[in-house]
Amino acid sequence: MPGFIKNPKDFFAGLLFLVIVAIFGWGLRELPIGTAFRMGPGYFPMVLLIILTGLGVAILVNGLRTSGEPIGMIPWRGLALITFPIIFFGATLKGLGLVASLGISVFATTLASREWNILYAVATTVVLVVASWLIFIKGLGLPISLRGPWIGGY
Amino acid sequence: MPRISRRTMLATSAAFALTPSIIRAQGAPITIVVPFPPGGSTDALARVLQAGMQEKLKRTVVVENKSGGAGAFGAAAVAKSAPDGNSILVTFDSHAVIPSILEQPPLDVEKDLVPVFLVGTAPYVLAANAERPFQTFADVVKASKEKPGSVKYASVGIGTLGHLAMTLLAKKTGIELTHVPYRGGGPAMSDVLGGHVDLIAGSAALVTTQLSGGKLRAIMQMGRERLPALKDTQTAIEAGFPDFETLAWWGVFAPRGTPQPIIDSTAKAVKEILTEPATATRLRDTQQMTLILAEGKEFNSFFTKQVSLWGQVVKENNIRATGG
Amino acid sequence: MIELLSNLAIGFDQALTATNIFYCFIGVLLGTAVGVLPGLGPVATIAMLLPITFGLPPVSALIMLAGIYYGAQYGGSTTAILINLPGESSSVVTAIDGYKLAQQGKAGVALFTSAVGSFFAGTVATFLIAGFAPPLAEVALKFGPAEYFSLMVLGLAASVALAHGSIVKALAMVVLGLLLGTMGQDLYTGAPRFNFGLVELADGIDFVALAMGVFGIGEIIRNLEDSTERKLVYSPISNFRYFIIGPVLLAVAGTLEYLDIGPSFNFLGHNPNVLSMVVAVPSLGLFGYHLSHLMKDLVPTKEELKSIIAPILRGTVIGSFLGILPGGGAILGSFGAYTIEKRISKTPERFGKGAIEGVAAPEAANNAGAQTSFIPMLTLGIPSNPVMALMIGAMIIQGIVPGPNVINDKPELFWGIVASMWLGNFLLLVLNLPLIGIWVKLLTVPYRVLFPAIIAVCCIGVYSVSNNPFDVYWMAIFGVIGYFLIKLDCEPAPLLLGFVIGRLLEEYLRRAMLLSRGDPFVFFQRPISAVLMILAILALVIVLIPSVSKKRDEAFREETK
């Protein structure tokens with residue numbers, strides 16, 4: 001970590017807000033601003049972006065001036081093992097159906113636990129798939145198929 | 001005190017038990033797409049049709065609310081679905097304004113959908129907060145001439161028929177009105193009743209329900225004839241605007257290419273449901289709706305007239321989906 | 001007063017028929033169930049059940065739908081407390097301190113407080129509706145766009161109290177929330193905003209995906225930081241079997257009554273079944289017995305009890321008032337109640353770390369607001385939220401014309417619904433007090449099993465909002481963003497408030513400016529608006545001044561070192 005960052009939590013928070021401002025600022029280009037009397041779609045977001053820029057800079061500067069705690073460890077493995085299964089679930093639910101899609105996702109998320117063993121992982125997966133089937137499909141009648149078209153279902 | 005009705009309870013319990021299985025039933029259900037959020041007049045109509053069709057066609061019928069884009073998103077979804085009669089659109093007058101008001105409409109309402117059934121119409125009504133000095137539209141014109149832009153009217157959104165009708169009236173009389181758009185009738189009515197806005201151009205159902213409260217006064221109705229519920233309010237034609245008519249309407253559409261027999265049977269089912277006296281009375285009481293019950297060709301000519309009429313108003317007044 | 005009593009008599013006459021009690025119960029039960037499950041909210045449930053209400057008498061139909069609504073408000077708090085999953089915008093606040101309490105092994109106390117607070121608030125709000133609905137509706141109409149805008153600004157200014165860290169960061173999170181709220185179509189023109197070329201962003205981001213992401217998923221990732229995974233402390237429940245026996249016997253009694261086996265007798269015009277009563281009486285006794293056991297385990301200590309009474313009262317007042325405003329006041333109820341508690345507390349530093357007042361006040365406000373939000377719908381026919389719009393839809397389907405005439409033309413409907421609200425709240429209390437035992441038991445499940453379960457429920461729940469995989473992706477993305485924001489000491493609650501209020505704030509701002517023809521001083525010219533604006537400015541000044549001076553102290557200390 002470079003030495004000029006005295007308070008990394010503030011510094012990076014400020015940076016994050018400014019990055020968001022930049023992204024939204026880019027999206028603002030095509031929106032008509034209008035006047036204060038007849039505000040266009042871009043007026044209100046523009047005001048917000050100006051305020052957020054100010055706050056972001058203030059937080060960033062604070063990160064350079066006052067000292068603070070370090071950010072600490074980030075559990076990259078856990079982060080990945082939570083995020084990707086969720087995305088996998090979203091991407092495959094329609095195609096694979098509930099059993100395969102949820103089963104694989106849940107099994108993958110159990111890997112994020114440090115107290116992993118195969119018995120616990122399989123048991124958790126089976127129980128959750130069956131419970132989800134009972135609650136969401138049987139009980140609430142959500143229109144989700146058990147076996148999707150990719151693996152020969154409907 | 002009524003004794004517990006076992007039959008009702010049994011029926012409801014059964015219905016609860018059956019809901020999931022109905023939805024899961026083999027074969028695709030008929031989907032009625034409503035391009036507006038649940039709770040509005042179109043949604044209510046769709047649910048009346050849903051219950052009736054379930055019974056008449058012995059098929060599972062689900063209502064799906066796909067709102068957004070002034071009703072264009074839902075309509076486009078139906079236009080894109082398979083023309084097998086399993087998805088139909090139940091929509092509202094704003095459907096005719098889609099091609100003119102949206103910059104990039106996601107569908108061609110005249111080509112991508114076939115009109116199946118025109119359920120009914122109801123006139124738009126102009127009403128004023130009862131504390132305002134407006135008795136007739138002539139009073140509004142007078143006040144606006146004295147102070148252009150001082151009279152404010154609420155509508156349920158930019159490009160809705162209420163907005164377009166008022167734009168047309170303002171142009172015909174050469175006055176300037178301030179338009180305040182809302183999302184939905186409830187918030188618009190709330191501000192008119194509270195006196196924050198002077199006038200409201202809304203559907204007959206929206207206006208008539210509030211008259212009994214004494215906070216609202218109808219000043220002009222935009223149908224050809226006076227509604228029974230508004231027999232003391234002059235029509236736009238009586239007020240000196242010949243042929244001026246602004247009608248809310250509700251209709252059923254199917255994707256282009258749906259086989260004629262399926263269209264016919266759908267239209268027949270809808271007609272049967274709506275001609276039941278109880279249903280007809282309900283629609284009249286709650287929506288101030290005059291049932292038209294027109295099929296295919298007749299509906300089509302009504303629809304194309306609406307599209308060109310309002311399209312012209314939009315174009316001539318350069319109403320864009322930008323600014324107030 | 002006499003009129004009020006006779007009106008309530010009409011109402012209870014309607015609500016206390018066996019049929020309507022049944023529908024009320026079904027309503028609150030379903031509501032609790034969908035409230036507990038994230039994603040599937042009351043709107044979807046009510047929309048799904050509308051066709052079923054078709055064949056019911058209007059009073060029963062509306063009683064059931066109303067039950068779903070406040071049942072769901074209630075169920076949402078349960079998951080907020082237990083696993084940090086606020087399924088509804090109103091339970092975001094409950095999650096802040098409720099979840100901390102659960103982590104400290106006080107989930108039972110938090111849930112008990114939530115149940116009792118909600119019941120009390122619901123009761124007060126019901127009588128408020130019964131006594132003063134029409135004049136209160138008049139007050140609501142005084143609020144125009146300028147007043148609503150100022151109210152929202154006050155809410156946002158006060159919301160920085162939701163965070164217990166840096167105020168500037170909390171403000172930045174509010175603004176970020178507002179910004180995320182502007183994604184999707186422009187309210188007035190329908191112009192697409194910030195969709196970055198993605199069709200899936202045309203409607204913006206779904207609240208459930210955002211809330212599940214930053215709260216639920218973010219929290220799970222954070223828990224994986226510890227080498228020894230988080231173990232929830234819990235207080236075991238003694239005599240768990242009593243929880244089962246009472247309700248089972250009660251169910252048997254209900255079945256017997258329903259099937260009407262054997263002789264029946266006359267009781268005040270009803271004809272209860274002899275056999276069912278024989279089972280019902282001891283089961284009620286057992287129920288009471290196990291309730292008393294439960295109390296022993298879960299009832300707050302005397303000090304805790306003392307400390308929740310005043311917050312519940314204040315929460316009820318705030319929630320009742322804000323709930324009346326149809327333009328989105330109800331959203332602010334729980335946030336406002338929390339802020340006030342923190343402000344007037346002698347130990348504000350406990351807030352955000354498990355202060356029971358931080359559960360009591362918002363829960364009371366939330367439920368009071370849920371009840372009083374019926375006022376504009378019942379007296380004027382104006383819906384204050386999508387659920388009320390659906391209730392109006394249900395009325396239309398039933399052939400009832402909603403509007404100011406309902407109270408006169410259909411007194412039995414109006415008063416029946418009002419009375420059923422109290423009944424529904426009572427049923428919720430009876431239903432949920434025993435459930436607390438089961439919920440707390442749930443927390444004894446090891447975390448390595450619990451967290452995949454939370455993820456599974458979140459995934460299916462978010463997907464079911466609109467059957468759109470993109471909502472699930474967003475949840476994952478916001479989970480990561482939420483985690484990093486927490487790491488950077490940016491707390492998510494103000495973000496969610498900003499997100500929820502964003503669209504309303506913009507709508508009112510634009511409308512107010514349209515009405516004032518672009519004059520920004522309108523917010524200070526109208527009396528109600530001016531008072532709210534001044535309060536908002538004061539609120540900001542008060543929170544900013546100590547932080548400025550504190551920072552000066554810190555800087556000073558730095559230099560002297």
Side-chain angles (χ1 to χ4, degrees), chain A residues 9-10 12-13 16-17 20 24 27 31 35-41 43-45 48-49 51-52 55-56 58-59 62 65-67 71-75 78-79 82-83 85-87 89-91 93-94 102 105-106 109-110 112-116 120 124-125 128 132 135-136 140 142-144, chain C residues 34 37 40 166 168-169 171-172 175-176 178-179 182 186 188-189 191 193-194 196 217 220-221 224-225 227 229 448-449 451-453 455-460 463-464 467 469-473 475-476 479-480 483-485 487-490 505-506 509-510 513-514 517-518 520 551 554-555 558:
Chain A
K9 282 190 179 180
D10 277 12
F12 286 107
L16 181 65
F17 287 123
I20 292 169
F24 277 81
L31 294 176
T35 62
F37 173 28
R38 290 175 196 278
M39 294 185 185
Y43 198 102
F44 185 70
L48 293 178
L49 285 174
I51 299 173
L52 195 58
L55 291 170
I59 296 167
N62 202 42
R65 287 181 47 222
T66 57
S67 60
I71 290 176
M73 181 212 89
I74 290 165
L79 195 90
I82 299 295
T83 317
I86 294 176
I87 291 175
F89 174 85
L93 182 63
K94 259 191 196 133
L102 188 71
S105 313
V106 166
T109 58
T110 62
S113 172
R114 284 158 207 274
E115 298 159 30
W116 192 87
Y120 134 77
T124 306
T125 307
L128 283 179
S132 304
I135 296 173
F136 291 102
L140 293 168
L142 295 186
I144 298 171
Chain C
V34 299
L37 297 168
L40 205 76
S166 151
V168 184
K169 278 184 186 167
L171 278 175
V175 179
L176 180 59
L178 293 172
L179 198 58
T182 63
D186 177 50
Y188 288 143
T189 65
R193 290 202 296 200
F194 303 121
F196 303 105
I217 306 296
I220 289 174
I221 299 174
L224 293 171
E225 280 175 10
S227 48
E229 272 158 30
R448 59 182 178 149
V449 177
F451 86 79
I455 291 175
V457 169
C458 284
C459 280
I460 302 178
Y463 182 83
S464 71
N467 293 327
F470 263 80
D471 289 337
V472 182
Y473 304 157
M475 180 177 74
V480 176
Y483 168 73
F484 282 110
L485 286 172
K487 276 300 256 193
L488 297 173
D489 287 344
C490 296
L505 188 74
E506 178 181 12
L509 172 67
R510 285 166 77 171
M513 295 311 270
L514 207 51
R517 304 187 70 82
K551 222 171 260 158
E554 274 168 21
E558 204 85 3

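Per chain, numbering begins at 1; letters A, B, ... match sequence-line order. Because the structure is predicted, anything quoted here is derived from the model rather than measured.
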Who wins among Ala453(C), Cys458(C), Ala456(C) for the most heavy-atom pairs under 4.5 Å with chain A?
-> Ala453(C)
At what distance, to the nearest 0.5 angstrom, does OH of Tyr43(A) lie from CG of Leu509(C)?
-> 8.0 Å
How far apart are the closest heavy atoms of Pro45(A) and Leu179(C), and which atoms are they?
-> O-CD1, 4.2 Å
Say you draw a straight line from CD1 of Ile74(A) to OH of Tyr483(C); how long is it, rounded to the nearest 0.5 Å?
-> 5.5 Å
Give, for atom OG1 of Thr35(A) and atom CE of Met513(C), the distance between the pair rounded to the nearest 0.5 Å.
-> 9.0 Å
About how many Å separate CD1 of Ile71(A) and CG of Asp489(C), when rounded to the nearest 0.5 Å?
-> 9.5 Å
Where is the tightest heavy-atom contact between Ile221(C) and Leu79(A), given as atom of each residue plus distance?
-> CG2-CD1, 3.3 Å
Return the minimal non-hydrogen interatomic distance between Lys487(C) and Gly72(A), and the atom names on each side.
-> NZ-C, 4.0 Å
Relative to chain A, which segment of Asn467(C) carries a heavy atom at a distance below 4.5 Å: side chain, backbone, both, or neither?
-> both
Would you indicate whether the side-chain heavy atoms of Ile455(C) and Pro85(A) approach each other to under 4.5 Å?
-> no
Where do Pro75(A) and Leu224(C) come nearest, in terms of heavy atoms and distance?
-> CB-O, 4.2 Å
Which atoms form the tightest heavy-atom contact between Phe44(A) and Leu505(C), and what is the distance?
-> CZ-CD2, 3.6 Å
What are the two closest non-hydrogen atoms of Phe24(A) and Phe196(C), and how far apart are they?
-> CA-CZ, 4.4 Å
